[in-house]
K.L.:
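The following block contains the structure, expressed as structure tokens.
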There are 2 protein chains.
Amino acid sequence: MKEISIKDIAKLAGVAPSTVSLVLNDKAKQGRISDAVAEKIRILARENGYKPNQVAVSLRTGSSKILGLIIEDISNAFFASIAKAIEDEAEKYGYRVLYCSTENNTVRGNELVNLLFQRQVDGYLISPTAGMENGISDLLKAKQPVVLIDRYFPTLPAPYVLSDNIAGASEALEYFIAKGHRNIGLITSDFPLMHPQQRESAYTQTLIKHNIPVNPSFIYKVPYTALHHEATQLIADFIKSNAELDAIFFTTNYLCIHGLGSINQLGMKIPDDIAVICFDDHDLFKLYKPAITAVKQNVQEIAETAMQFLMHQITGNGEKIEMTKVIATEFIIRDSV
Amino acid sequence: MKEISIKDIAKLAGVAPSTVSLVLNDKAKQGRISDAVAEKIRILARENGYKPNQVAVSLRTGSSKILGLIIEDISNAFFASIAKAIEDEAEKYGYRVLYCSTENNTVRGNELVNLLFQRQVDGYLISPTAGMENGISDLLKAKQPVVLIDRYFPTLPAPYVLSDNIAGASEALEYFIAKGHRNIGLITSDFPLMHPQQRESAYTQTLIKHNIPVNPSFIYKVPYTALHHEATQLIADFIKSNAELDAIFFTTNYLCIHGLGSINQLGMKIPDDIAVICFDDHDLFKLYKPAITAVKQNVQEIAETAMQFLMHQITGNGEKIEMTKVIATEFIIRDSV
DNA sequence: CTGAAAGCGCTTACAG
DNA sequence: CTGAAAGCGCTTACAG
């Protein structure tokens, strides 16, 4: 079951393999191949269904026209929509995307970087987990095009694109306060990443700005080791033990989904018993009444910007440009508090 | 920025590249390399951070240790969870997964097959869209390992794994009928695929079995060309113009989500005004009251079985086994009709 | 205007 | 016990 190769076509056409290569790569002109020969080769290639072996092309040229995308978990709605948007953007530039999930596992994340590197991908889009600094730093040293998405390391000089966590979270808190809420809970993750920390900091700052005391017992950090049903139970316990809470701000989509499960389990009503805002939106939030108010990340803009930064590195003229961007979030009011 | 190669290690160790290759591929014994030399090479490789160029390995060996996964749309929850499960299963066998989405576009689907083929993936997991028969048929002719997931073509002798659409849909209809519903609507897609057709057929057969007349005006096929908001509107129009409906069976998750939007828009209550069953489940269905009753596909078992079939083809002893499997669905009752 | 040769980084059958 | 050579399928600089 041998595939047809450039040699076969050359033999059929009675020319050298190099001639075939030039013609099929549209370099007939610069190779000064006669139109007749070029046409003959093109026809033979088409008739015989010749498809260049991209592995050989990659080995020879050092370029694969593949980008590597490393995200936390493809089954998480936010990452799935990011992946989709990135795939669409990449296609515009003629690139394909190889996805992998880290599952928030540092070892796995670094292995994936390695794997992609060995496969000679032309660029990397990474939503890093804590501890991936080393792997990413190696990539930067090797002058590989890299863009970080959704998260970044202040210590690493890598381009990044992320949402405006501070402004987005502040807007959410301002909304709660304007609605008269004073006992506002924060449910976040203890994962050592920048964005939950920024969202927490916005929570604290906004309360202080309005002279509302920050009550430490209103803040709950779900251990990132908690499994699904454990998270739901832990959040339920937290809500139960803080009966004064009249509103909750969830710092991630994932936490909010578990939180909704908890609220459901406790038999509380949104927003009558408790108001809820989630940082990120989810498609289904809009279908129910009362729907969940959300801070929505602009996935499309994140993907476009990340791809621009990556392409600048890959095909750029070497000109240095500022490659960090913070994208504004959108505040979607759907409750009726 | 040249990467360190096998030649460099050979030079450092004072041996031939072939010796290094044998040692690093754990063939030192069969190459009868002395332990001293082998150990020296291993140490040098580690110290210098030597990483074999997988592109070269692939070209030479014809194997890439990568599987191609072609699905309809990664941002669809069902496919995202399939992708995740497949990725986890593949890892157990030492394989990585390259995902792509067809977006239900035949041309794109066939291009993707081509692309993966040129990249020499070792096997294909495909959830085909209509019209991909040709591309898949070519793959089979080229003796490539292939498993179809979720959908299949009766005309194509390819292994497949799918859910028991007939039994799952029949169970849903039986449930409606047992609850006393007689005006049961079917909302499906006009996409020319096997599974919506099977689910529709189960709908009709179950009604007939119970001597309930099949009312054609209770069946609506959403055009697959309809955009998101259009689908919601079309479904709302359908429900409005069939005021007698007391229950609806949605044949896909995607349609159900739009349907929920429609029901919401019409101000109807589930299950008081209308009962709903969706063929597939969605994580969020369980969080709301009243939650949606669903036919749930066993994603884990689908992924495991598909991977077994694929591995049998890749590493199998050539022994022919039956490689078609229909996986039972689970019926999840969450409403209170 | 076209061909022969080198080489990308590896593995494997073969020779010694 | 180890090395030299061929070759995977391609591209590119060079020679004619």
Side-chain angles (χ1 to χ4, degrees), chain A residues 1-42 44-45 48-66 117-122 142, chain B residues 1-42 44-45 48-65 114 117-122 142:
Chain A
M1 221 352 274
K2 206 96 190 65
E3 265 318 288
I4 188 153
S5 80
I6 202 167
K7 267 190 206 161
D8 301 320
I9 300 294
K11 210 168 290 169
L12 288 171
V15 299
S18 47
T19 308
V20 177
S21 173
L22 288 172
V23 170
L24 264 25
N25 288 301
D26 291 327
K27 291 180 180 160
K29 279 286 174 305
Q30 92 188 48
R32 286 152 305 162
I33 315 288
S34 66
D35 287 352
V37 170
E39 192 51 25
K40 183 174 166 194
I41 290 172
R42 271 189 276 264
L44 280 168
N48 292 279
Y50 169 67
K51 289 166 202 149
N53 177 326
Q54 291 301 329
V55 173
V57 174
S58 287
L59 179 59
R60 181 57 232 232
T61 64
S63 151
S64 60
K65 287 284 176 186
I66 291 187
F117 186 68
Q118 294 178 164
R119 292 265 159 23
Q120 296 196 176
V121 301
D122 291 347
Chain B
M1 221 345 278
K2 207 96 188 62
E3 266 317 288
I4 188 155
S5 80
I6 202 168
K7 269 191 207 162
D8 301 321
I9 300 294
K11 209 170 290 170
L12 288 170
V15 299
S18 47
T19 308
V20 177
S21 173
L22 288 172
V23 171
L24 265 26
N25 288 302
D26 291 327
K27 291 181 181 159
K29 279 285 173 307
Q30 91 186 52
R32 286 152 304 162
I33 315 288
S34 66
D35 288 353
V37 170
E39 191 50 25
K40 183 174 167 194
I41 290 172
R42 271 190 275 266
L44 280 168
N48 292 278
Y50 169 68
K51 288 168 203 147
N53 178 327
Q54 291 301 330
V55 173
V57 173
S58 287
L59 179 59
R60 181 58 232 234
T61 64
S63 151
S64 60
K65 287 285 175 186
N114 231 316
F117 186 68
Q118 295 179 158
R119 293 262 158 26
Q120 298 195 178
V121 301
D122 291 347

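Chain letters run A, B, ... following the sequence lines, proteins first and then strands; every chain starts at 1. Computed from heavy atoms alone, side chains included, the values below leave out hydrogens, waters and symmetry copies.
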K.L.:
Hey, which sits more toward the 5' end of DNA chain C by its nearest nucleotide, A/A56 or A/V37?
P.N.:
A/V37
K.L.:
Using heavy atoms and a sub-4.0 Å distance, could you list which residues of residues 6-14 of chain A are near DNA chain D? By number, please.
P.N.:
A/I6, A/K7
K.L.:
Closest heavy-atom contact between B/V23 and B/A38?
P.N.:
CG1-O, 3.6 Å
K.L.:
Students often get this wrong, so: under 4.0 angstrom with heavy atoms, is A/V55 touching a base, only sugar-phosphate, or nothing?
P.N.:
nothing
K.L.:
Could you pull out all residues at least two apart from B/N48 that satisfy side chain to side chain contact (heavy atoms under 4.5 Å, CB included)?
P.N.:
B/I4, B/I9, B/L12, B/L44
K.L.:
B/I6: which residues meet the side chain to side chain contact (heavy atoms under 4.5 Å, CB included) condition with it, sequence neighbours left out?
P.N.:
B/P17, B/V20, B/S21, B/Y50
K.L.:
Can you list the residues that meet the side-chain hydrogen bond (donor to acceptor under 3.5 Å, both in side chains) rule with B/S18, with sequence neighbours excluded?
P.N.:
none
K.L.:
I need the CD-P distance between A/Q120 and C/dC8, as an integer number of Å.
P.N.:
12 Å
K.L.:
What pairs with A/K11 under side chain to side chain contact (heavy atoms under 4.5 Å, CB included), at least two apart in sequence or on another chain?
P.N.:
none
K.L.:
Answer yes or no: is there a donor N or O on one side and an acceptor on the other, between the side chain of B/K40 and the main chain of B/A13, under 3.5 Å?
P.N.:
yes
K.L.:
Measuring to OP1 and OP2 of C/dT11, would you say a side-chain N or O of B/N25 lies under 4.0 angstrom away?
P.N.:
yes
K.L.:
From the options D/dC1, D/dT11, C/dG9, select the nucleotide whose nearest atom is closest to the side chain of B/S34.
P.N.:
D/dC1
K.L.:
If you check every side-chain atom of B/V57, which of D/dT12, C/dC8, C/dT11 has the closest atom?
P.N.:
C/dT11
K.L.:
Using whole Å, report how far CG of A/L22 lies from P of D/dC10.
P.N.:
14 Å
K.L.:
Would you kindly give the CD1-to-C1' distance between B/I4 and C/dC8, to the nearest whole Å?
P.N.:
17 Å
K.L.:
If I take atom CG in residue A/L59 and atom P in nucleotide C/dT11, what distance separates them, rounded to the nearest angstrom?
P.N.:
12 Å
K.L.:
Starting at atom CD of B/E39, determine the distance to atom P of D/dC1, rounded to an integer number of angstrom.
P.N.:
16 Å
K.L.:
Dot-bracket, DNA chain D: Watson-Crick or G-U, under 3.5 angstrom, [ ] crossing, | other strand?
P.N.:
|||.||||||||.|||
K.L.:
Is there a side-chain contact between A/P52 and B/Q118 (heavy atoms, below 4.5 Å)?
P.N.:
yes
K.L.:
Output all residues satisfying side-chain hydrogen bond (donor to acceptor under 3.5 Å, both in side chains) with B/S63, sequence neighbours left out; order by chain, then residue number.
P.N.:
B/D122
K.L.:
Using whole Å, report how far CD of B/Q118 lies from P of D/dG9.
P.N.:
14 Å
K.L.:
Sort me out a list of protein N/O and nucleotides 4-6 of chain D N/O pairs below 3.5 Å, or just none if empty.
P.N.:
| unit_1 | atom_1 | unit_2 | atom_2 | d |
| --- | --- | --- | --- | --- |
| D/dA4 | N6 | B/S18 | OG | 2.8 |

K.L.:
Side chains of A/V37 and A/I41, heavy atoms from C-beta outward: is any pair under 4.5 Å?
P.N.:
yes
K.L.:
Among all residues two or more places apart in sequence or in another chain, which pass the salt bridge (charged side-chain N to carboxylate O under 4.0 Å, His left out) test with A/R42?
P.N.:
A/E39
K.L.:
Between atom CZ of B/R119 and atom CZ of A/R119, what is the distance when rounded to the nearest 0.5 Å?
P.N.:
12.0 Å
K.L.:
Quick one: A/N53 CG to D/dC8 P, roughly how many Å, whole number?
P.N.:
11 Å
K.L.:
Go through the structure and list residues passing side-chain hydrogen bond (donor to acceptor under 3.5 Å, both in side chains) with B/Q120, not counting sequence neighbours.
P.N.:
A/N53
K.L.:
In whole angstrom, what separates B/L24's CG from C/dG9's C1'?
P.N.:
13 Å
